[in-house]
Amino acid sequence: MHALRVLGWGWVFHAKMMTRSAFDGLLAVLWPLFFATVAFFMFRNGGNPELLVYAALGAAVMGVWTATSVPASSALQRARWHGVLELLVATPVHFSLVLLPVTIATSAIGLYCLAATILWGKFAFGIDLPMEHPFAFALAVPATVISVGMLGFLLAVAFVRFRRSWAMGAVLEYPVWLICGFLVPLSLLPDWVRPISWALGPTWGMNAIRQASMGGTPLPDVAICFALGLGYVAAGVLMLNSVLRSAREHATLALT
Amino acid sequence: MTYALRVFFVGGLTSYRALFGWLSPSILLTTLFATPIFQILLFAYIGRTAKLENDEFYVIGNAIQYVSIPCVFGMVQMISGERYAQTLAFVLVTPAGRLPLFLGRAFPVVLNGAAVAVVSFGVAALLLDVGVRPSSLPSLLAVAVLASFSCTGFGLVLAGIGLRVRETSVMNNIVFGLLLIFTGSNVRLDRLPDWMQAIGGSMPLTHAITAGREVADGASLADVTGLLAWEAALGAVYMLAGYAFLIFMETQSRRRATLEIS
């Protein structure tokens, strides 16, 4: 119960802070819209209306990853800048309970972008999304957001030793857009890319959202997406324990 | 004269090296050279999915469009980086002429932008098996340098705005997104609405991208003189406007004491 309170309030505080940041809030919504606009023009010129729906859903989910990749990768560095990293690490609760709500708050900002992209597609390009399984859609979206936030948690821990971790997150933005099948079917990518795609939660989340909207069996994809997210958290906690032990032993938490 | 040249070359080089002070070379190089390759791959695969253009179209379009990252970000960072390091006031209080001071800082950015276009084009062309005749490569290099020049001029205008705007990184990213849409880097200009074509025609990179595609298809530089002249003229206008705007904003910043607080 105590852990859930830490997670819940941590999420609320960080989500509120991010919505007031021009970079984390406004730009996270606008940035994928630029790419969505280009993609909509490309698919519209292609003349296949079904692909336009495919692109609208993919572009909408792209924003969830965009909202997560840079802010989550740099979450610990941001805490360093604010001078609170040592205090947060020293709190009695496990540090993962402090960090996880931060990264899930970043991916939750992507919900703004998801909604904005769907509305942009509808009003600017006349794309009406079908909704074959509305309840599954309502389940798939939060599951994808949480799973992406969990992947962000793993990134945040993995990049703890990098002073410029935001740049690492920025470099990962396009590759994940590409290999998770947001705008390009996985079947078009080289064979060796597919196992990497399958190991990424956003791939399954994207599948689930598409099948919930366009028809199919979304629930297994939702389950895989969420299970992968839990796997990222487990790996992140193990890595975090090791990193914190090393930082305490060598007094390198501040990276100064 | 010698003094002005020193400010131009030494000041420009020092300022450019300062970019590596706030961002380590490995990270900067990854950002500048790896990211555009992924952007090219992304749009090339979207193009394959939509069954629109061939890969060469996206390789050329995105390699040239990506010069906006080093050029726009580099020029705005000229102001915001100095402010972050608390050296902006010292730079602007010097008696150095503003022409060599600002244009000297733009010169390495032009070369950097061209290098980004060339490397990302080369690597992406290899990855996607895009063949361009070797005889076209020098012409493509000239197009890349010209695109970088015009975009740096545009960046100089934005650097002036950076004297008053706090969230420069947000502004830069929005500008990058607008260039992605309006320059025809991924959608042929004639497939865009008329009003978008009109805006695109007045933006940097648009004519260079079209010229680059024609050169890659076998045209000579002489064949695309009109496009290159437009790009060069736009670059010169932006460069002069940016210089004048910087002088104006500097004066305003002194008058309103907003140099450090904006």
Side-chain angles (χ1 to χ4, degrees), chain A residues 21-48 50-52 54-55 58-59 62 66 70 124 159 162-190 193, chain B residues 22-53 57-58 61-62 65-66 69 127 165-193 196:
Chain A
S21 157
F23 190 86
D24 294 327
L26 177 67
L27 191 62
V29 174
L30 287 179
W31 178 250
L33 274 185
F34 294 126
F35 289 85
T37 303
V38 175
F40 290 161
F41 273 119
M42 291 172 73
F43 282 105
R44 190 163 74 175
N45 289 337
N48 186 339
E50 196 168 320
L51 276 179
L52 206 51
Y54 177 93
M62 275 162 58
T66 296
V70 173
F159 295 152
F162 292 94
R163 283 191 181 84
R164 305 296 172 188
S165 47
W166 66 265
M168 309 292 286
V171 169
L172 287 176
E173 190 171 18
Y174 288 130
V176 170
W177 281 0
L178 181 60
I179 67 175
C180 287
F182 291 157
L183 293 171
V184 176
L186 297 187
S187 56
L188 273 189
L189 300 174
V193 174
Chain B
W22 59 264
L23 204 60
S24 71
S26 60
I27 293 291
L28 186 62
L29 294 175
T30 310
T31 307
L32 287 185
F33 294 110
T35 310
I37 293 165
F38 285 122
Q39 181 178 316
I40 292 169
L41 292 176
L42 176 72
F43 282 108
Y45 274 97
I46 294 175
R48 290 180 184 183
T49 308
K51 297 184 173 60
L52 272 179
E53 312 288 350
F57 181 88
Y58 301 104
N62 288 286
Q65 188 273 339
Y66 206 84
I69 288 285
L127 289 174
V165 173
R166 186 180 289 138
E167 295 284 356
T168 51
S169 56
V170 174
M171 176 181 74
N172 295 343
N173 279 293
I174 289 174
V175 167
F176 175 84
L178 293 175
L179 289 169
L180 187 73
I181 295 172
F182 285 91
T183 56
S185 54
N186 294 291
V187 181
R188 286 194 185 280
L189 278 179
D190 56 13
R191 297 288 191 98
L192 294 175
M196 291 181 73

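The analysis underlying the following values was restricted to heavy atoms, covering all of them including side chains, and did not include hydrogens, waters or symmetry mates. A, B, ... follow the sequence lines: proteins, then strands. Residue 1 opens every chain.
For the atom pair B:Gln39 CD and A:Leu178 CG, the distance stands at 12.0 Å (nearest 0.5 Å). Taking CD1 of B:Ile46 as the reference point, atom CZ of A:Phe182 lies at 12.0 Å (rounded to 0.5 Å). Here the CG-OG1 distance, from B:Leu192 to A:Thr37, works out to 11.0 Å after rounding to the nearest 0.5 Å. Rounding to the nearest 0.5 Å places CZ of B:Phe182 at 9.0 Å from CZ of A:Phe34.
In terms of the side chain to side chain contact (heavy atoms under 4.5 Å, CB included) criterion, residue partners of A:Leu172 (sequence neighbours excluded) are, by chain and number, A:Trp65, A:Leu155, A:Phe159. Residues passing the side chain to side chain contact (heavy atoms under 4.5 Å, CB included) test with B:Thr49, sequence neighbours excluded: A:Phe43, A:Leu51, A:Val184, A:Pro185, A:Leu188.
Of the atoms belonging to B:Leu52, it is side-chain heavy atoms, and not backbone ones, that fall under 4.5 Å from chain A. Heavy atoms closer than 4.5 Å to chain A are found in both the backbone and the side chain of B:Val170. Residue contact with chain A, scored on non-hydrogen atoms closer than 4.5 Å, is absent for B:Met171.
Nearest heavy atoms, B:Tyr45 versus A:Pro190: OH-CD, 3.7 Å. Residue A:Met42 comes nearest to B:Ala50 through the heavy atom pair O-CB, 3.9 Å, listed as atom of the first residue, atom of the second, then distance.
By number of non-hydrogen pairs under 4.5 angstrom with chain A, the leading residue of B:Gly177, B:Ser169, B:Ser185 is B:Gly177. Of the listed residues (A:Asn45, A:Val171, A:Leu33), the greatest number of heavy-atom pairs within a distance under 4.5 Å of chain B belongs to A:Asn45. Most heavy-atom pairs under 4.5 Å with chain A, from the set B:Arg191, B:Arg48, B:Arg188: that is B:Arg191. The candidate from B:Thr35, B:Leu178, B:Ile181 with the greatest count of non-hydrogen atom pairs under 4.5 Å with chain A is B:Ile181. For the set B:Leu180, B:Asn173, B:Thr30, B:Val187, the count of heavy-atom pairs under 4.5 angstrom toward chain A peaks at B:Asn173.
The aromatic rings of B:Phe43 and A:Phe35 sit parallel to each other, their planes meeting at less than 30°, with 60° as the upper class boundary.
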Check: Where do A:Trp177 and B:Phe38 land on the ring-ring contact (aromatic ring centres under 6.0 Å, His included) test, with the steps shown first?
Finding: CA-CA 10 Å; A:Trp177 281 0; B:Phe38 285 122; over 10 Å; no
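In this structure, A:Phe41 and B:Pro193 have side chains that are in contact, with non-hydrogen atoms separated by less than 4.5 Å.
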